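Below you'll find the structure, written out as structure tokens, and then a few comments.
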Number of protein chains: 2
Amino acid sequence: MRLFKSSEYAIRCLVYMAVNGNEVCSVKTLSDALDIPYKFLGRLMSRLGGAGIVTSSHGKHGGYRIARPLDQVRLADIIDIVEGLENYERCILGFETCDDENPCPLHDQWKGHKEGILHMITDVTLEDMARSDSKRI
Amino acid sequence: MRLFKSSEYAIRCLVYMAVNGNEVCSVKTLSDALDIPYKFLGRLMSRLGGAGIVTSSHGKHGGYRIARPLDQVRLADIIDIVEGLENYERCILGFETCDDENPCPLHDQWKGHKEGILHMITDVTLEDMARSDSKRI
DNA sequence: ATTATATTCCACCCGGAGGTGGGATATGCG
DNA sequence: CGCATATCCCACCTCCGGGTGGAATATAAT
């Protein structure tokens, strides 16, 4: 019941950028501000760029910006890019097929939570997270 | 959002034993019936024995039985033994402290699901799972 | 030109989950 | 006794997430 560290990093970086008015952010800035390993984050941000979540600019004062309006970047988009959504869609006991007609022993109990989480990650956007009362990123 | 493979194995074995009237089950039987690697399962069952979830008997026709009434073996007990409960209690973004007073940007959204899952694993017992309409283990 | 940044290689390292194989010992049923 | 089982030890293996280090190239601001 946890995100990959890389997903945590990606979410925190994007929230940081969103909160700071989506100014251009260098990897160095993000790495220092959020205490994320520089080299590791470099690769991660590059992946987010390739997936179209952020845009990059080279050269001095270059860096990353969020590519889309904040309400159009969903948690599920980020998670999907970083770690994939398999773990959020699979059967809790690992059965290939598991649905109402052919349930595993935990299907009925798990179903609601699974759907709730899926709804959450598809509904919550960067805007929501940036607007939260949280003072920590 | 997934159990360790070992937790899946443990749950499936215990449900299998529960459904089959809690007869003595050898590791061989469980391994064959549920398609779980024999040696791996041997260690896992031994751990469940050490934790008091099952009792073991040696010799021919020996094996394992569930040690307690089925309604007194909770999902959380099994998960705790096999993989620990840290992942079920931790902040979704990985912050050391994260609560209503000092929330992370996802705390409010995640809180409900986290509590729901915790309630589920502490409420659901082997009896519930054995009683389910599932024909698969 | 210098400097700061992204981008992209490559080569590692570590730890943990999952899995395999051998062998030794104890225990108990037939 | 022989056999089947648990128990325990050891030594591996693979894969993957996380992380580090070096180096080269491209791009753009100053």
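Only a predicted model underlies this, so the values are computations on that prediction, with no experimental measurement involved. A, B, ... follow the sequence lines: proteins, then strands. Residue 1 opens every chain.
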Practice prompt. Choose from dT5(C), dC29(C), dA4(C) the nucleotide whose nearest atom is closest to any side-chain atom of H61(B).
Written response: dC29(C)

Worksheet item: G59(A) near the nucleic acid: base, sugar-phosphate alone, or nothing, with a heavy-atom cut-off under 4.0 Å?
Response: base

Practice prompt. Assess the side chains of D100(B) and H107(B): does a donor N or O sit below 3.5 Å from an acceptor N or O?
Written response: yes

Discussion item. Is there a side-chain contact between Y38(B) and the phosphate of dG22(C), meaning an N or O under 4.0 Å from OP1 or OP2?
Written reply: no

Item to complete: Keeping to residues at least two apart or across chains, list the side chain to side chain donor-acceptor pair (under 3.5 Å) pairs with something in residues 37-49 of chain B.
Response: none

Worksheet item: Within the structure, does a side-chain N or O atom of S6(B) lie under 4.0 Å from either OP1 or OP2 of dG18(C)?
Response: yes

Discussion item. Any carboxylate oxygen within less than 4.0 angstrom of a Lys/Arg side-chain nitrogen, looking at K111(A) and D99(A)?
Written reply: no

Discussion item. Can you list, in residue-number order, the parts of residues 77-91 of chain A that come under 4.0 Å of DNA chain D, counting heavy atoms only?
Written reply: none

Worksheet item: Which residue pairs satisfy the side chain to side chain donor-acceptor pair (under 3.5 Å) criterion with at least one member in residues 8-28 of chain A, sequence neighbours excluded?
Response: E8(A)-R90(B), Y16(A)-N20(A), S26(A)-T29(A), K28(A)-D32(A)

Worksheet item: Which of these nucleotides, dC29(C), dA6(D), dT30(D), is closest to any side-chain atom of H58(B)?
Response: dA6(D)

Practice prompt. Would you tell me if any nitrogen or oxygen in the side chain of S46(B) comes within less than 4.0 Å of OP1 or OP2 on dC8(D)?
Written response: yes

Practice prompt. Select base, sugar-phosphate, or nothing to describe what F40(B) touches, counting heavy atoms under 4.0 Å on all strands.
Written response: base

Practice prompt. Report the nucleotide, chosen from dT5(C), dA4(C), dG19(D), that has the shortest atom-to-atom distance to any side-chain atom of K5(A).
Written response: dG19(D)

Discussion item. Regarding K39(B), tell me which of base, sugar-phosphate or nothing describes its non-hydrogen contacts under 4.0 Å with the strands shown.
Written reply: base

Discussion item. What is the distance, to the nearest angstrom, from the NZ atom on K60(A) to the C1' atom on dA1(C)?
Written reply: 11 Å

Fill in: Out of dC3(D), dG19(C), dT20(D), whichever nucleotide has its closest atom nearest the side chain of R43(A)
dT20(D)

Discussion item. Any side-chain to backbone donor/acceptor pair from D77(A) onto R74(A)? Under 3.5 Å, distance only.
Written reply: yes

Item to complete: Give a yes or no on whether the backbone of I36(B) and the side-chain of S31(B) come within a donor-acceptor separation of less than 3.5 Å.
Response: yes

Worksheet item: When the nearest nucleotide of DNA chain D is assigned to S57(A) and to S7(A) on a heavy-atom basis, which residue is associated with the more 5' position?
Response: S7(A)

Discussion item. The side chain of S56(A) is closest to which nucleotide in this list: dC3(D), dA6(C), dG19(D)?
Written reply: dA6(C)

Discussion item. Looking at R131(B) and D128(B), is there a salt bridge between them, counting it only when a charged N and a carboxylate O are closer than 4.0 Å?
Written reply: yes

Worksheet item: What is the distance from CG of L41(A) to C1' of dG17(D), rounded to the nearest Å?
Response: 16 Å

